[in-house]
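Everything below concerns the one structure shown next.
What you see is a predicted model, and the numbers here were worked out from it, not measured in a lab.
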There are 2 protein chains.
Amino acid sequence: MSVSIADVAKRAKVSISTVSRVINRRNIVNPKTRERVDVAIRELGYRPNAFARGLMLKKSDIVGLVLPDLHGEFYSEIIRGASAQARRDGYNLVIASTQDGDDSHTILHAVSQRAILDGLAVMVSELNGRVRDTLTKLRLPFVVLDDDIPGAPHDSVLIDQGSGARALVRHLIETRGARRIIFVGGLETNVDTIARFKAYREELERAGITAREQDVFYLDYRYETAYELARERACEWAGPGSCVFAANDEMAAGIIAAAVACRIKLPADLGVVGFEDTRIARMTSPPLTTVRVPMARMGEEALRLLCRRIAEPDSPAVRVSLEPELIVRDSCAIRSRE
Amino acid sequence: MSVSIADVAKRAKVSISTVSRVINRRNIVNPKTRERVDVAIRELGYRPNAFARGLMLKKSDIVGLVLPDLHGEFYSEIIRGASAQARRDGYNLVIASTQDGDDSHTILHAVSQRAILDGLAVMVSELNGRVRDTLTKLRLPFVVLDDDIPGAPHDSVLIDQGSGARALVRHLIETRGARRIIFVGGLETNVDTIARFKAYREELERAGITAREQDVFYLDYRYETAYELARERACEWAGPGSCVFAANDEMAAGIIAAAVACRIKLPADLGVVGFEDTRIARMTSPPLTTVRVPMARMGEEALRLLCRRIAEPDSPAVRVSLEPELIVRDSCAIRSRE
DNA sequence: TTGTAGGCGTTATCAC
DNA sequence: GTGATAACGCCTACAA
């Protein structure tokens, strides 16, 4: 039914091996016969069977990207970066994510059983020993995203959360002259929130500001909950030296909206900063000062690393750390008193 | 190096075919030998070679999803829906998108050459004859997203833009009592914009309202440009019977922000509605009345159709049309005068 | 119920 | 420069 290399060979009146040669190393075959073969290929609409090919070459040119979730701009951008880099390296990209309660193992198995992967880029919410175990058992080149295990024997790419958060808090204190900074994080167990909070606390100490416990809140990264919180507290927060450090842009947007609803003047009476620099950071009024997290870059670097490891399996493990960038807009303008 | 079926056979002291049987049709083999084989498989950590398997079965359990772009919530949600459904059907999902100037053909070829796909779900910006041509030449089961060609010989899933837009405009006119509706679209050539504009115009006529040419604008779906436009025009637009119909939420958000900046009272003096019901629709003040476009559903349905077609290649072509849903929030509240 | 043998479509290793 | 032929790892008649 499907046209095979033998059909081409017959039509071009050459042997199978010659056809194979013009496909893989066309320069070592006589131009005239090569031409004949090319014609035959075109006429028959021949396309090499990838299975047979893979069987010989032990290579599928497919790599996988496993994510803990597919909701929101964060993952979407990682996919975008990864997809672009995969294509540049000549690979196709399989996307998978844990969903509806199944855990990382399930998805790792599902993906690697069914698919024919040359490698795997993995980001999981909890990269515990067990996950890393199944990962190595797969005997597949792999790289880990956004999980910092110093000295780990595998490639990893991560974002220096601390550096970004520190720059942000320093900006608040030094440029804005903030003396009181309210921290609104995501879940208390979230790794990003933890990293950002740590930096927040350190910078506060460095500046000799005492961090008050009642100024720290843990929510869920969502606009609505942040809005509600701020609706209740904003009046108490407001003051010339006050700022809110929200652990992501969406919550920052909620806080801004609530503050406006409370007739608080932004940024004069309350500064607000976010984190991530997602699309909405440009859509708040005033536009949001935030930290740009290179999400697409992360996907890109992960794939670059992965493809390199596939090519050179024994090269030493690499750890790429991406620097976030402070983006100053208007939600936390210049210090209110000189 | 890698453990093959022969190794398992040797270890279990059975023939290769027996091992193959316990893998594929375990019930037809004696429980005792089956047990022996199972043990051997586990001890050796054997996993069938997917290439060899595919070579026989002519099946990879991988399907592809080709998108015109990977930016933004729209595509991200499609991927999410598609990914979930693929997994439910036992398939892995390869994602690819056109990028940096290359066209649909390039990506279609790249994907189908390298990968080993059982089928393809395709969404392209311009599904002209040429694309459909290469698509059929691939001799792959495929389904088309968001491109309405009545009577086309392939499966397709699309969103009934017109129905959503009509419901929205009718809401504006009947509930709000709008007498003047400003239309702010994306690019004039964009299919979605065209469909939404058509519905807009029809409903206006039906209500006996004359559509004024100077009330129709074509932008680019972005917040910033919509903001600028509204910054200039909002004062002129404002009025008790006035509404703005933005062709997506992001532009609607821009218009709201600009109107607020112009000290126009929303929704009293100007109603604003969007389209898509993305995340930002809940983040504007006031929250946006809009039309929910079932993006994830689209990805999901596309994959459902695709997998069905792979299973039954000769079933008649199906055309699934998804209904958007009017979401009433506050950006265009009840009619201002009774 | 189990084993033997042929074939799936390639690429690689030889000879010629 | 070209042509046989043996892998690659698996599935499936067919025979036992």
Side-chain angles (χ1 to χ4, degrees), chain A residues 1-41 44-62 90 112-118 139-140, chain B residues 1-41 44-62 112-118 138-140:
Chain A
M1 75 157 262
S2 183
V3 28
S4 88
I5 197 170
D7 302 321
V8 178
K10 200 176 298 173
R11 177 150 194 141
K13 295 187 193 310
V14 293
S15 75
I16 289 182
S17 6
T18 301
V19 178
S20 175
R21 281 189 201 102
V22 342
I23 293 171
N24 302 301
R25 290 133 59 198
R26 33 186 320 111
N27 37 315
I28 70 165
V29 36
N30 186 307
K32 299 198 70 165
T33 52
R34 184 207 300 167
E35 173 61 18
R36 276 218 316 287
V37 172
D38 278 334
V39 169
I41 287 180
L44 264 40
Y46 165 74
R47 295 185 310 141
N49 180 312
F51 292 117
R53 202 150 205 269
L55 190 53
M56 290 301 300
L57 270 32
K58 294 166 182 345
K59 199 163 165 17
S60 66
D61 294 333
I62 306 179
S112 57
Q113 287 292 346
R114 320 208 76 91
I116 317 178
L117 305 181
D118 290 344
R139 294 168 178 286
L140 229 50
Chain B
M1 73 156 264
S2 183
V3 28
S4 89
I5 196 170
D7 302 321
V8 177
K10 199 176 298 172
R11 175 148 196 143
K13 296 189 192 310
V14 294
S15 76
I16 288 183
S17 26
T18 301
V19 178
S20 174
R21 281 189 201 103
V22 343
I23 294 171
N24 301 302
R25 292 135 57 198
R26 31 185 321 111
N27 38 315
I28 69 165
V29 37
N30 185 306
K32 300 199 68 162
T33 53
R34 185 207 298 166
E35 173 61 18
R36 276 219 315 288
V37 173
D38 278 334
V39 169
I41 287 180
L44 264 41
Y46 166 73
R47 296 184 309 141
N49 179 311
F51 292 117
R53 203 149 202 274
L55 191 52
M56 291 299 302
L57 270 32
K58 293 164 183 347
K59 196 160 166 25
S60 66
D61 294 331
I62 306 179
S112 56
Q113 287 294 343
R114 319 207 75 90
I116 314 179
L117 304 182
D118 291 344
L138 253 31
R139 293 168 179 284
L140 229 49

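- Considering all non-hydrogen atoms of both residues, A/Tyr46 and A/Val3 come closest at CD1-O, 3.4 Å.
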Exercise for the section: Any chance you could list the contact pattern along nucleotides 8-16 of chain C? Use B for base contacts, S for sugar-phosphate-only contacts and - for none, protein heavy atoms under 4.0 Å, 5' to 3'. Expected result: BBBBB----
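- Residues forming a side-chain contact (heavy atoms from CB on, under 4.5 Å) with B/Arg139 (at least two apart in sequence, or on another chain): none.
- Among all heavy-atom pairs drawn from B/Leu55 and A/Leu55, the shortest one is CD2-CD2, 3.6 Å.
- Every side-chain contact (heavy atoms from CB on, under 4.5 Å) that B/Ser60 has, sequence neighbours left out, goes to A/Phe51, B/Ile62, B/Ile116, B/Asp118.
- A donor-acceptor pair is defined here as one N or O able to donate and one able to accept, closer than 3.5 Å; no such pair exists between the side chain of B/Arg34 and the backbone of B/Val22.
- Counting heavy atoms of neighbouring residues, nucleotides and ligands inside a 6.0 Å radius, atom NZ of B/Lys59 exceeds 12 of them.
- Counting heavy atoms from C-beta outward, B/Val14 and B/Val29 have side chains that stay 4.5 Å or more apart.
- Annotation: the terminal axes of the helix from C/dT1-D/dA16 to C/dC16-D/dG1 meet at 40°, where each axis is the rotation carrying the C1' atoms of four end pairs onto the next four (5 pairs per end, rounded to 10°).
- Nucleotides of DNA chain D that come within less than 4.0 Å of any heavy atom of chain B span, from the 5' end to the 3' end, D/dG9 to D/dA13.
- Proximity of B/Ser112 to A/Arg47: side-chain heavy atoms (C-beta onward) are separated by under 4.5 Å at one or more points.
- A/Arg11 and A/Ala40 make their closest contact through CG-CB, 3.8 Å (heavy atoms, listed as atom of the first residue, atom of the second, distance).
- Listed by first and then second residue, the side-chain hydrogen bond (donor to acceptor under 3.5 Å, both in side chains) pairs involving residues 16-28 of chain A are A/Ser15-A/Ser17, A/Ser15-A/Thr18, A/Ser20-A/Asn24, A/Asn24-A/Arg53, A/Arg26-A/Asp38 (not counting sequence neighbours).
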